[in-house]
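Some notes on the structure that comes next.
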Amino acid sequence: MDDQQLLRYSRHILLPQLGIEGQERLIGSKALVVGAGGLGCPAALYLAAAGVGRLVLCDADTVDLTNLQRQILHHTGTVGRPKVESGREALGRINPHCRVEALNLRLEGEALDEQVAAADVVLDCSDNFATRHAINRACVRHRKPLVSGAAIRFDGQVTVFDLRQPENPCYHCLFPEGQDVEEVRCAVMGVFAPLTGIIGTVQAAEALKLLAGCGETLNGRLLLLDALAMEWRSIALAKDPACAVCSASPA
Ligand SMILES: [Zn+2]
């Protein structure tokens with residue numbers, strides 16, 4: 001770190017759990033953020049501001065006026081432009097040391113596999129089950145820690161699937177596919193603006209701890225937030241020994 005970086009990150013360096021070593025680990029890390037919407041925006045902002053060295057931001061959509069109520073990387077002037085470009089500019093203004101790769105596509109197949117393999121941590125900030133399951137499968141395959149968040153109406157949930165250890169549960173253990181869970185979307189149901197900020201920021205916190213190697217993560221616990229009552233609940237998660245995704249993979 002040069003003098004400017006020592007100053008920029010001084011409030012992290014003061015924390016004994018992080019220190020110079022932890023900060024250097026952040027600088028040397030690469031995070032994959034899938035989705036540059038309500039969750040991805042605050043998550044990416046904190047990862048970039050906190051000094052994560054490389055960030056891959058992935059989203060196929062363009063900025064829409066209805067996004068601006070909560071997707072805080074974007075602004076009135078970037079309406080109509082790809083979210084990842086709008087996001088990269090905003091992140092660059094906050095921290096030019098963070099190298100942001102903007103992928104303006106729906107990450108799937110081989111591209112998803114490549115990106116997950118190259119990342120140190122994966123943040124699922126997507127808004128549909130197909131993408132969530134695809135990200136989870138790739139994270140199980142490559143044994144990458146997955147930070148998963150969701151927010152709709154006033155309800156949020158967030159957890160970590162630390163798939164570096166094969167005994168830990170995966171997303172599919174919790175939400176098996178084919179249960180025909182009805183997909184609820186912000187476009188139809190609405191979403192409370194700061195709820196996405198709260199959940200996305202918890203995702204950033206968990207990702208930073210995973211990268212720096214400090215503290216305890218949400219692995220094995222699902223946090224549920226009722227933002228209307230402002231009440232958090234914590235539910236223990238267990239691995240499904242019959243899970244078709246993580247238990248089928250060779251140990
Ligand atoms: Zn599983």
Side-chain angles (χ1 to χ4, degrees), residues 29-35 37-40 43 47 56 58-59 106-152 155-185 199-200 202-225 232-251:
S29 297
K30 183 174 186 178
L32 170 62
V33 179
V34 183
L39 302 172
L47 295 180
V56 179
C58 189
D59 199 303
R106 187 177 169 134
L107 197 57
E108 53 195 357
E110 225 168 275
L112 170 63
D113 225 48
E114 269 172 37
Q115 290 299 334
V116 167
D120 298 302
V121 67
V122 178
L123 286 83
D124 181 354
C125 301
S126 70
D127 63 354
N128 66 86
F129 289 119
T131 301
R132 289 180 184 282
H133 280 292
I135 293 170
N136 178 62
R137 277 192 295 272
C139 287
V140 169
R141 225 172 2 253
H142 297 286
R143 292 202 173 174
K144 299 292 178 172
L146 169 60
V147 185
S148 179
I152 194 84
D155 300 318
Q157 58 184 45
V158 57
T159 188
V160 169
F161 302 103
D162 193 346
L163 301 163
R164 293 174 297 187
Q165 308 298 330
E167 67 269 20
N168 289 330
C170 81
Y171 180 78
H172 191 274
C173 293
L174 182 59
F175 300 108
E177 263 167 306
Q179 281 194 336
D180 291 332
V181 188
E182 202 182 334
E183 194 118 46
V184 285
R185 297 221 173 220
I199 299 296
V202 173
Q203 287 184 271
E206 293 299 291
L208 291 171
K209 281 155 51 191
L210 284 160
L211 293 173
C214 69
E216 297 263 324
T217 71
L218 281 172
N219 180 60
R221 279 185 296 149
L222 175 68
L223 276 191
L224 298 168
L225 172 62
W232 294 87
R233 278 193 304 144
S234 177
I235 294 176
L237 301 182
K239 188 181 180 78
D240 174 6
C243 175
V245 174
C246 67
S247 291
S249 64

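Just so you know, ligand 1 is whichever comes first in the structure, and atom 1 is the first atom listed for that ligand. Remember, predicted model here, so these are calculated numbers, not experimental data. All values below come from the heavy atoms of this structure, side chains included, with hydrogens, waters and symmetry mates left out.
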Quick one: sort the Phe129 and Phe175 rings into parallel, tilted or perpendicular, breaks at 30° and 60°. tilted

Could you verify whether a donor N or O on one side chain and an acceptor N or O on the other, from Asn168 and Asn219, lie under 3.5 Å apart? yes

Taking everything shown except Glu167 itself, do over 12 heavy atoms lie less than 6.0 Å from its CD? yes

Working for salt bridge (Lys or Arg N to Asp or Glu O under 4.0 Å), residues Asp120 and Lys30: CA-CA 5 Å; Asp120 298 302; Lys30 183 174 186 178; over 6 Å; no

Distance criterion under 2.8 Å: protein N/O/S atoms around the Zn ion (ligand 1): 4

Would you say the side chains of Thr131 and Arg106 form a donor-acceptor pair under 3.5 Å? yes

Is it the case that His142 and Asp113 place a side-chain donor and acceptor less than 3.5 Å from each other? yes

